[in-house]
Asks: 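Pasting in a structure now, in structure tokens, and then I'll have a few things to ask.
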Amino acid sequence: EQQVDGSGEGHVTFRDIGILYRTSRQAQALGAVLSARGIPFQLVDIQAYYTRGDCRLLYFWMLLLAELADMDQLLSLLEQERGMGQQSLQHIQQELWQASSKDAAINPDLIAGVSLAARGKAALSRFRLQYEQLRHTALTEPATAVLDLLMCAYDLNPQQPEMNQLHQAALALGGTV
């Protein structure tokens with residue numbers, strides 16, 4: 001019998017362990033115990049937890065910062081911006097269609113010169129500034145620092161189980177975005 005502490009110094013790390021369960025009720029109970037003990041975990045489901053609810057916003061940001069976001073994910077992030085209306089989003093979408101293919105990774109620089117009304121232009125400017133600040137953090141700090149900034153910016157509760165789970169996963173994986 002070997003004890004695992006998560007440091008990765010032994011022969012077995014948390015990445016080497018899997019727990020199989022039969023029902024989602026068992027998954028919730030196991031997740032609560034693991035979370036309470038500070039053990040990082042990921043529930044594998046048909047739809048990953050980080051693609052739903054508030055985690056989805058953070059996930060899309062992480063994809064964008066890693067230069068892996070697609071057009072729909074960028075538009076979803078822009079939709080969250082105060083002052084970004086449907087007309088501005090449609091105009092941005094048209095510009096993106098012309099600048100790249102729909103499935104290609106999207107860079108916010110592609111929409112830097114988009115002509116928008118004053119409110120949309122201000123929202124886009126705020127978004128690009130936030131992107132630049134987060135990009136700098138993503139290059140110099142751990143991924144958890146980026147998640148913390150995003151949770152603060154969007155007034156998300158880090159104590160929500162899904163937020164805690166995402167934070168624990170970033171800790172377990174280590175490194176930057």
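Quick caveat, the model's predicted, so the values are computed rather than measured. Nothing fancy with the numbering, it's 1 onward along the sequence.
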Asks: Can you run down the ring pair (Phe, Tyr, Trp, His ring centres under 6.0 Å) pairs that involve residues 64-89, sequence neighbours left out, and say none if there aren't any?
Replies: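 Sorted pair list comes back empty.
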Asks: Do you know which two heavy atoms are closest between L58 and M151, and how far apart they sit?
Replies: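 In this case the closest contact between L58 and M151 is CD1-CG, 3.9 Å.
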Asks: Do you know which two heavy atoms are closest between L96 and L74, and how far apart they sit?
Replies: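 Heavy atoms only, the tightest pair is CD1-CD2, 3.9 Å.
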Asks: Any sub-3.5 Å donor-acceptor pair from T51's side-chain atoms to A48's backbone N or O?
Replies: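 At least one qualifying donor-acceptor pair exists.
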Asks: From I92 CD1 over to L116 CG, what is the distance, rounded to the nearest 0.5 angstrom?
Replies: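 The distance works out to 5.0 Å.
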Asks: Output yes when a side-chain donor or acceptor of Q80 lies under 3.5 Å from a complementary backbone atom of L77, and no otherwise.
Replies: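 No; judged by distance alone, with no hydrogens or angles, the pair does not exist.
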Asks: Counting neighbours of CD on Q160 that are heavy atoms of other residues, nucleotides or ligands and sit closer than 6.0 Å, is the number greater than 12?
Replies: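 For Q160, atom CD is crowded (more than 12 foreign heavy atoms under 6.0 Å).
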Asks: Is it the case that one hydrophobic cluster holds both V146 and L139, taking links as side-chain heavy atoms less than 4.5 Å apart, direct or via other members?
Replies: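 V146 and L139: separate clusters.
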Asks: Would you give the length of the straight line joining atom CG of L57 to atom CG of L156, rounded to the nearest 0.5 angstrom?
Replies: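 CG of L156 is found 6.5 Å from CG of L57.
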Asks: Can you name the closest pair of heavy atoms from A143 and A170 and give their distance?
Replies: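 The pair with the smallest heavy-atom distance is CB-CB, 4.4 Å.
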Asks: Taking only Lys NZ, Arg NE, NH1 and NH2, and the carboxylate oxygens of Asp or Glu, determine whether E162 and R56 approach each other closer than 4.0 Å.
Replies: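 No.
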Asks: Assess whether side-chain contact (heavy atoms from CB on, under 4.5 Å) is satisfied between E79 and L89, documenting all intermediate values.
Replies: CA-CA 7 Å; E79 191 174 25; L89 287 169; 3.8 Å; yes
Asks: Nearest heavy-atom pair of G83 and A123: which atoms, and what distance?
Replies: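 Looks like C-CB, 4.0 Å.
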Asks: Show every side chain to side chain donor-acceptor pair (under 3.5 Å) that has at least one partner inside residues 140-157, sequence neighbours left out.
Replies: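 Non-adjacent pairs meeting side chain to side chain donor-acceptor pair (under 3.5 Å): W61-Y154, D148-H167.
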Asks: Given the rule that I, L, V, M, F, W and Y join up when any side-chain heavy atoms are under 4.5 Å apart, are V33 and I39 in one cluster?
Replies: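 Cluster IDs for V33 and I39 differ.
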Asks: If you measure from CZ on F60 to CG on L150, what distance do you get to the nearest 0.5 Å?
Replies: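 Those atoms lie 13.5 Å apart.
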Asks: In terms of hydrophobic clusters joined by side-chain contacts under 4.5 Å, are L171 and L149 together?
Replies: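 No, no single cluster joins them.
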Asks: State the CG-OG distance between L124 and S88, to the nearest 0.5 angstrom.
Replies: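 Going from the CG atom of L124 to the OG atom of S88 covers 8.5 Å.
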Asks: Just verifying a value: how many Å separate L173 CG and Q168 CD, rounded to the nearest 0.5 Å?
Replies: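 So the gap between those two atoms works out to 11.0 Å.
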Asks: Give me the atom names and distance for the closest heavy-atom approach of Y49 to A169.
Replies: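 Heavy atoms of Y49 and A169 come nearest at OH-CB, 3.8 Å.
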Asks: Going from SG on C55 to CE on M163, what distance comes out if it is rounded to the nearest 0.5 angstrom?
Replies: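 So the gap between those two atoms works out to 4.5 Å.
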Asks: Which residue pairs satisfy the side chain to side chain donor-acceptor pair (under 3.5 Å) criterion with at least one member in residues 110-134, sequence neighbours excluded?
Replies: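 Counting only pairs at least two positions apart or across chains, the side chain to side chain donor-acceptor pair (under 3.5 Å) contacts touching residues 110-134 are D109-R128.
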Asks: Quick check: closest heavy atoms across E95 and V114, and the distance to 0.1 Å?
Replies: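 So the minimum-distance heavy-atom pair works out to CG-CG2, 3.6 Å.
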